[in-house]
Amino acid sequence: MQFPTVNYSATDPEGNTFTFSEYLNGKQIRSFQGVAGQQYKVEISHEAWIRLDLDMQHQIKLVATDSAGISSERIYTFTRTETHIEFLLNFDSPDVQGHFILDGMPLRVLVTLERYITEGATIESVKVYNNALDAVPTWEDCTGAVKGNRGYLFTNKTKTAANWAINLWVILAKGTATERFRSIDEDPKCSSYFEN
C-alpha cells in the first residue's frame with residue numbers, strides 16, 4: 001500500500017531562509033527550518049492513514065514562511081479508498097503472545113469472522129499457520145473452512161522454533177460495503193478456539 005506523498009521546495013529571490021509547515025486535514029504534522037531550493041517530501045504515516053475516513057476528501061497543506069514573515073501555501077486534496085483490508089497478528093504484542101503462542105502442537109483452529117464483516121464485504125482469503133515463530137512458516141489456506149463456519153485441521157506437523165504459534169493472514173474484499181468494519185477489539189465476546 002502506498003500513501004500519498006508530495007515533493008516540494010521553495011525559492012526566495014532575496015535569499016531568505018524558510019520555515020516549512022505540513023498539515024493533514026488542518027492538523028500540523030511537521031514544522032522545520034528548511035533551505036531554499038532543496039527538495040522535501042511530506043509523507044503520511046501509517047497511523048495517520050488508517051485513521052482517515054474512507055471515500056471522503058482529505059487535504060495536505062504546505063506552508064512556506066520566509067524569514068521576513070511572508071508565506072505561501074499549497075493545498076493538495078485526495079480521497080482515501082480501499083478495495084481490500086488485510087491483516088496479520090502482531091507477535092510483538094503481549095496480548096497476541098498470550099493467546100497465540102502455545103505449549104503443544106495445534107491440530108485445529110476455528111476462525112470466525114462473519115460477525116465483524118460489514119454488509120456488502122466478503123472474505124477473500126484466510127490463511128493460517130501453526131508454526132508462526134519459524135523463520136519460514138508454513139501457510140495453509142483455510143478460506144473454505146472459515147466461509148463454511150467450520151474448524152480447520154492443520155496439515156503441518158513440524159516446527160523449527162522453540163514454541164508452536166498460530167498466526168492468521170486475512171484478506172477482506174470491500175465489495176459494495178459502505179460502513180467501516182467492526183474491530184475485533186470492540187467486541188468483548190470475541191474468543192479464539194484452538195485444539196491441541
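One is the number of the first residue; the rest follow in order along the sequence. What you see is a predicted model; the values in this text were computed from it and never measured.
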Spell out, as yes or no, whether a donor-acceptor pair under 3.5 Å connects the side chain of [X] to the backbone of [Y].
X	Y	result
Asp134	Thr160	yes
Asn167	Leu89	yes
Ser45	Ala48	yes
Asp12	Ala36	no
Lys147	Ile123	yes
Asn25	Gln59	yes
Asn130	Asn156	yes

May I ask you to check whether over 12 heavy atoms, not counting those of [X], lie within 6.0 Å of atom [atom1]?
X	atom1	answer
Lys27	NZ	no
Arg30	CZ	yes
Glu119	CD	no

Does the pair Leu54 and Thr81 meet the rule for a side chain to side chain contact (heavy atoms under 4.5 Å, CB included), with working shown? CA-CA 5 Å; Leu54 291 173; Thr81 59; 5.8 Å; no
Inter-residue atom distance [X].[atom1] - [Y].[atom2], 0.5 Å rounding:
X	Y	atom1	atom2	answer
Asn90	Gln97	CG	CD	9.0 Å
Gln57	Arg80	CD	CZ	15.5 Å
Leu102	Asn163	CG	CG	8.5 Å
Leu62	Ser71	CG	OG	12.5 Å
Leu107	Leu153	CG	CG	8.0 Å

Verdict with supporting geometry, Ile50 and Phe3, side chain to side chain contact (heavy atoms under 4.5 Å, CB included): CA-CA 10 Å; Ile50 61 174; Phe3 311 132; over 6 Å; no
Could you pull out the closest heavy-atom pair between [X] and [Y], with the gap in Å?
X	Y	result
Lys159	Ala162	NZ-O, 3.3 Å
Thr5	Glu43	CG2-CG, 3.8 Å
Ser125	Thr143	CA-OG1, 3.5 Å
Ala64	Phe18	CB-CD2, 4.0 Å
Ala132	Ile166	CB-C, 4.1 Å
His84	Ile171	CD2-CG2, 3.9 Å

Joint hydrophobic cluster, [X] plus [Y], side-chain heavy atoms closer than 4.5 Å:
X	Y	result
Val136	Trp139	no
Val96	Phe87	yes
Val6	Phe20	yes
Val146	Trp169	no

Keeping to residues at least two apart or across chains, list the ring-ring contact (aromatic ring centres under 6.0 Å, His included) pairs with something in residues 52-71.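 Passing the test, one end in residues 52-71: His58-Phe78.
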Any side-chain heavy-atom pair from [X] and [Y] closer than 4.5 angstrom?
X	Y	result
Leu24	Leu52	yes
Gln39	Ser9	yes
Val109	Tyr129	no

Test item: side-chain donor near acceptor, [X] and [Y], under 3.5 Å:
X	Y	value
Glu73	Tyr23	no
Thr19	Gln33	yes
Asp95	Ser93	no

Could you go through Glu22 and Tyr8, starting from their C-alpha distance and side-chain angles, then the distance that decides it, and tell me whether this counts as side chain to side chain contact (heavy atoms under 4.5 Å, CB included)? CA-CA 11 Å; Glu22 302 169 348; Tyr8 65 94; 2.5 Å; yes
Check the orientation of Tyr152 and Phe154. Use parallel for under 30°, tilted for 30 to 60°, and perpendicular for over 60°.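 Correct class here is perpendicular.
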If you apply the rule salt bridge (Lys or Arg N to Asp or Glu O under 4.0 Å), what do you find for Glu82 with Lys174, and how did you get there? CA-CA 7 Å; Glu82 295 285 349; Lys174 179 182 176 187; over 6 Å; no
Report the C-alpha separation of Phe91 and Ile101 in whole Å, then their side-chain angles, then the decisive distance to 0.1 Å, and conclude whether the side chain to side chain contact (heavy atoms under 4.5 Å, CB included) test is met. CA-CA 9 Å; Phe91 277 94; Ile101 296 177; 3.9 Å; yes
For a side chain to side chain contact (heavy atoms under 4.5 Å, CB included) with Ile60, tell me which candidate from Thr77, Ile44, Ile75 qualifies.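 Going through the options one by one, the only one that passes is Ile44.
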